[in-house]
Amino acid sequence: MPRDTAQTCAARTAAVAIRRPRGARALLARLLDLQALWRQRRRLAELDDAALRDMGLTQSEALHEARRPVWDAPAHWRN
């Protein structure tokens, strides 16, 4: 098999392997993602000024992000 054909075949196989789960698995994955987002926002609110400064955030920006509802997820998560 020519190299180009092998690479194309491998790319198709990889694309099939990363399809989104459906049904109960998809719901569980979504809930786990939302839980992770909730945890990250809580931790963000707990950071001190020095850590926030390292990330380029102010205390008010961090608190604003932390107060967002969990269903207000980043746009790239909703795809």
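All of these numbers come straight from a predicted model, not from anything done at the bench.
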Within residues 47-61 or reaching into it, pairs that qualify as salt bridge (charged side-chain N to carboxylate O under 4.0 Å, His left out) - sequence neighbours excluded: none

Minimum-distance pair of heavy atoms, taken over all atoms of Ala45 and Leu63: CB-CD2, 4.1 Å

Remaining members of hydrophobic cluster (4.5 Å side-chain criterion), Met55: Leu44, Leu47, Leu52, Leu57

Supply the members, apart from Leu31, of the Ile/Leu/Val/Met/Phe/Trp/Tyr cluster built from side-chain contacts under 4.5 Å; use none for a lone residue. Leu27

All side-chain contact (heavy atoms from CB on, under 4.5 Å) counterparts of Arg43, not counting sequence neighbours: Glu46

Under the side chain to side chain donor-acceptor pair (under 3.5 Å) test, residues paired with Glu65 that sit two or more places apart: Arg41, Arg68

Membership question, hydrophobic clusters at under 4.5 Å side-chain separation (ILVMFWY): are Leu34 and Leu32 in the same one? no

